[in-house]
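When a residue number appears, it is its place in the shown sequence, counting from 1.
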Amino acid sequence: MAIMKTKILALTMAAAAVFSSGCSLLDPTEVVNPNLTEDDLRDKGLLTMKPWLGGMARNLALAYNEIVTPNEILSDNYANTKTYYNQAFDFPRMNVADADINDLIQYLSRLRSNAVYGLEVVKPADPTATPSEEAELYFYKGLSHLWTAELFVSAPVVGDGKPVPPAEQFDSAIVNFKKALALSTDGDLKTGYNIVLARAYYYLGDKANARKYAADAIASNNRYVRSVAFDPVNTFTPAISNILQDAMYRRGTFDDLQPLPRLDFLDPKCYTISSSEDSPIPLAKIEEAYLILAEADVADNQLPAALNRVKDLIGVVNTRNKATFDDQAEGRDESNPGSRPNVATVRVAASAGEPLIAGLVLDRGAPMVTVPVISGTSINAANVTAANYPTVDAVLELIYLLRQEIFIGEGRRAVDLGFRYPVSFNEIVSNPNIENGDPATVGRIPAFIPKNKEMDAFTYDKAAGTCTIKHNMNKVIVTNKASAEVVPFF
């Protein structure tokens, strides 16, 4: 079988150009010029860190686009109602030949290899490079390992390499994040590095270290957020628009991605700010530190402490920005009128037998809607009491609802549900260390995940103004907390 793959290669980026509108990278895989070599760039002082970091930011946006939209479809956060985006993940189904899986592994590899090139080639060539700039390259490299660990059963980190399991990928992420933390002199960046360190230790189940770095992050900046920026106009060709924004908002009446009704008030997190500006998507934010500490408290059976952490968290969430904009084109039920809640009077139950809650659905016919763009929650701090949440499972379910609400539109929920992708078909056919049927080629869909799109299912009585979701997946997560696939501290 003569099949070629796009291997996981260290991309050799040989030139950088500075434009009046900002910095962009020139990728030699797209330009053939035998008269321009890497040595020429080094000798002329053109191989420098600032434009390289501009290119790394571009690579980050490309990778995030590949992560966020497919992961939101894979989870219970969103139903894909049309055919423009991935049609398999809603069921959920995973296939090694899926283009989204192939693109994801490619862009994570590109992010990692370009960070390595920056550290090994660009930094030594630039005498003006600063420790904080070097730290950012370690951060990007660490992110590539972190995401590979979270998203794949196992995956190579070098061309034709053996698949590396998540635990080793998390360890590699930690090594790189610690180097970034040690090098940087930028206080805000260091807060972000502490958050991703806490996140890596959290998924490893290392409670002590997760606590340490989460606490360090809160102590340094308890309102921190770092987002991924997109540039639909000025970025070096091709421009990078926010794909999730297309799916949530920009395609209007196509109604591609529709949220679980209990999350309606949080959608769309991304909207068109202007014709030349897309919404950013949060990458690391202080809310995660509070969530990690609260879950660690529950694991230690310190329920009052956990509830106090939750109250502090809600205090932070309530300070976050909201945006008001016109969302009338997205009617929620454009293709099947009356099929989906779209008025503010609707009350929603998380599953049959649970209370009907008001305030979770926005009026999509109103001239404007107001939606949180960093974090939002339906939970009122005044209701976070021991009487309302008296047991480990009750508090844990609260925390996972908060995680779902706070991280919506950021590609995180599928990881909390225990999903992991297989390596792509391209790897199987050309990597000598991977054969079809190997563990790395089989995606992980936990046995407790409902099939046939049932995670997105609900019943809606338009006349009564009530909606009942079929499966409360936060309750399902907690019921299966002893599984190695979910709830890392248990």
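In this structure, a donor-acceptor pair under 3.5 Å is present between the side chains of Asn472 and Glu397. Under the 3.5 Å distance criterion, with hydrogens and angles disregarded, no donor-acceptor pair is assigned to the side chains of Asn388 and Asn383. Of the N and O atoms on the side chains of Asp416 and Tyr203, at least one donor lies less than 3.5 Å from an acceptor on the other residue. Side-chain contact of Ser375 with Lys285: a donor-acceptor pair under 3.5 Å is present, judged by distance alone. Inspection of the Gln404 and Asp76 side chains reveals an N or O donor paired with an N or O acceptor under 3.5 Å. Counted by atom type alone, Asn86 and Asn80 present zero donor-acceptor pairs between their side chains at under 3.5 Å. A donor-acceptor contact closer than 3.5 angstrom is absent between the side chains of Asn194 and Tyr224. In summary, the side chains of Tyr202 and Glu288 do not present any donor paired with an acceptor at a separation below 3.5 Å, with no hydrogens or angles considered.
A tilted orientation is assigned to the rings of Phe139 and Phe177, their planes being inclined by 30° to 60°.
Under the 4.5 Å side-chain criterion, counting only non-hydrogen atoms from C-beta, Arg403 is in contact with Glu295. Between Val423 and Asn431, every side-chain heavy-atom pair lies at or beyond the 4.5 Å cut-off. Contact check for Ile195 versus Arg226: no side-chain heavy atoms found under the 4.5 Å cut-off. The side-chain heavy atoms of Tyr421 and Asp100, taken from C-beta on, include no pair separated by under 4.5 Å. You'll find the side chain of Val442 stays beyond 4.5 Å of the side chain of Val153, heavy atoms only. Residues Ser279 and Tyr249 form no side-chain contact, since every pair of their non-hydrogen atoms from C-beta on lies 4.5 Å or further apart. At least one side-chain heavy atom of Ile67 sits under 4.5 Å from a side-chain heavy atom of Leu108. Residues Pro372 and Val317 are not in side-chain contact: their nearest non-hydrogen atoms beyond the backbone lie 4.5 Å or more apart.
Each of Arg309, Arg320, Arg223 was evaluated against Glu287; a single residue qualifies, Arg320, per the salt bridge (charged side-chain N to carboxylate O under 4.0 Å, His left out) test. For the pairing with Arg211, the salt bridge (charged side-chain N to carboxylate O under 4.0 Å, His left out) check across Asp206, Asp297, Asp216 returns one residue only, Asp297.
Gln258 places no side-chain N or O within donor-acceptor distance of the main-chain N or O of Ala79, the cut-off being under 3.5 Å. Between the Lys162 side chain and the Pro156 main chain, no donor and acceptor come within less than 3.5 Å of each other. Under the 3.5 Å distance criterion, the side-chain polar atoms of Ser184 are left unmatched by any main-chain donor or acceptor of Leu181. For the pair Glu435 (side chain) and Asn433 (backbone), a donor-acceptor distance under 3.5 Å is absent. Between the side chain of Trp52 and the main chain of Asn114, a donor-acceptor pair closer than 3.5 Å is present. The backbone N or O of Ala149 lies less than 3.5 Å from a partner atom in the side chain of Arg420, making a donor-acceptor pair. For the pair Tyr64 (side chain) and Pro282 (backbone), a donor-acceptor distance under 3.5 Å is present. Using a distance-only test at 3.5 Å, with no hydrogens or angles considered, a donor-acceptor pair links the side chain of Asp126 to the main chain of Thr128. The main-chain N or O of Ala155 is found under 3.5 Å from a side-chain atom of Gln169 such that the two form a donor-acceptor pair. For the pair Asn242 (side chain) and Phe230 (backbone), a donor-acceptor distance under 3.5 Å is absent.
In terms of heavy atoms, Ser75 sits closest to Asp456 at O-OD1, 3.8 Å. Across every non-hydrogen atom of Arg444 and Gly418, the tightest pair is NE-O, 2.8 Å. In plain terms, the two heavy atoms of Asn474 and Tyr400 that are nearest each other are OD1-O, 3.1 Å. Here the closest non-hydrogen pair linking Glu120 and Pro124 is O-CG, 3.4 Å. Of all the heavy atoms in Val316 and Asn222, the pair that sits closest is CG2-O, 3.8 Å. Smallest separation of non-hydrogen atoms from Asn102 and Ser424: OD1-OG, 3.2 Å.
Ion pair Asp103/Arg110 not flagged as a salt bridge, since none of the NZ, NE, NH1 or NH2 atoms sits closer than 4.0 Å to an Asp/Glu carboxylate oxygen. Using a 4.0 Å cut-off between a side-chain N of Lys or Arg and a carboxylate O of Asp or Glu, Asp393 and Lys481 qualify as a salt bridge. Ion pairing of Glu410 with Arg199 is absent here, as no side-chain N (NZ or NE/NH1/NH2) approaches a carboxylate O to less than 4.0 Å. The residues Lys123 and Glu133 are annotated as not salt-bridged, no charged nitrogen and carboxylate oxygen being separated by less than 4.0 angstrom.
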task: Using the side chain to side chain contact (heavy atoms under 4.5 Å, CB included) rule, take Glu485 and Phe419 through it: C-alpha gap first, then chi angles, then the decisive distance, then the call.
output: CA-CA 8 Å; Glu485 296 157 318; Phe419 290 105; over 6 Å; no

field: Test log, rule side chain to side chain contact (heavy atoms under 4.5 Å, CB included), inputs Leu398 and Leu307
entry: CA-CA 9 Å; Leu398 169 65; Leu307 292 177; 4.3 Å; yes

message: Show, in sequence, the C-alpha distance, side-chain angles and deciding distance for Phe489 and Asp300, and conclude whether the side chain to side chain contact (heavy atoms under 4.5 Å, CB included) test is met.
response: CA-CA 9 Å; Phe489 290 155; Asp300 289 338; over 6 Å; no

- request: Verify side chain to side chain contact (heavy atoms under 4.5 Å, CB included) between Val487 and Val478, making sure each step is shown before the conclusion.
  value: CA-CA 8 Å; Val487 193; Val478 173; 5.8 Å; no

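Here Asn480 pairs with nothing under the side chain to side chain donor-acceptor pair (under 3.5 Å) rule; sequence neighbours left out.
Taking the ring centre of Phe458 as origin, the terminal cationic atom of Lys470 falls outside the region bounded by 6.0 Å and 45° from the ring axis.
The list of salt bridge (charged side-chain N to carboxylate O under 4.0 Å, His left out) pairs with a residue in residues 168-187, not counting sequence neighbours, is empty.
In this structure, Asp267 CG and Met248 CE are separated by 5.5 Å, a value rounded to the nearest 0.5 Å.
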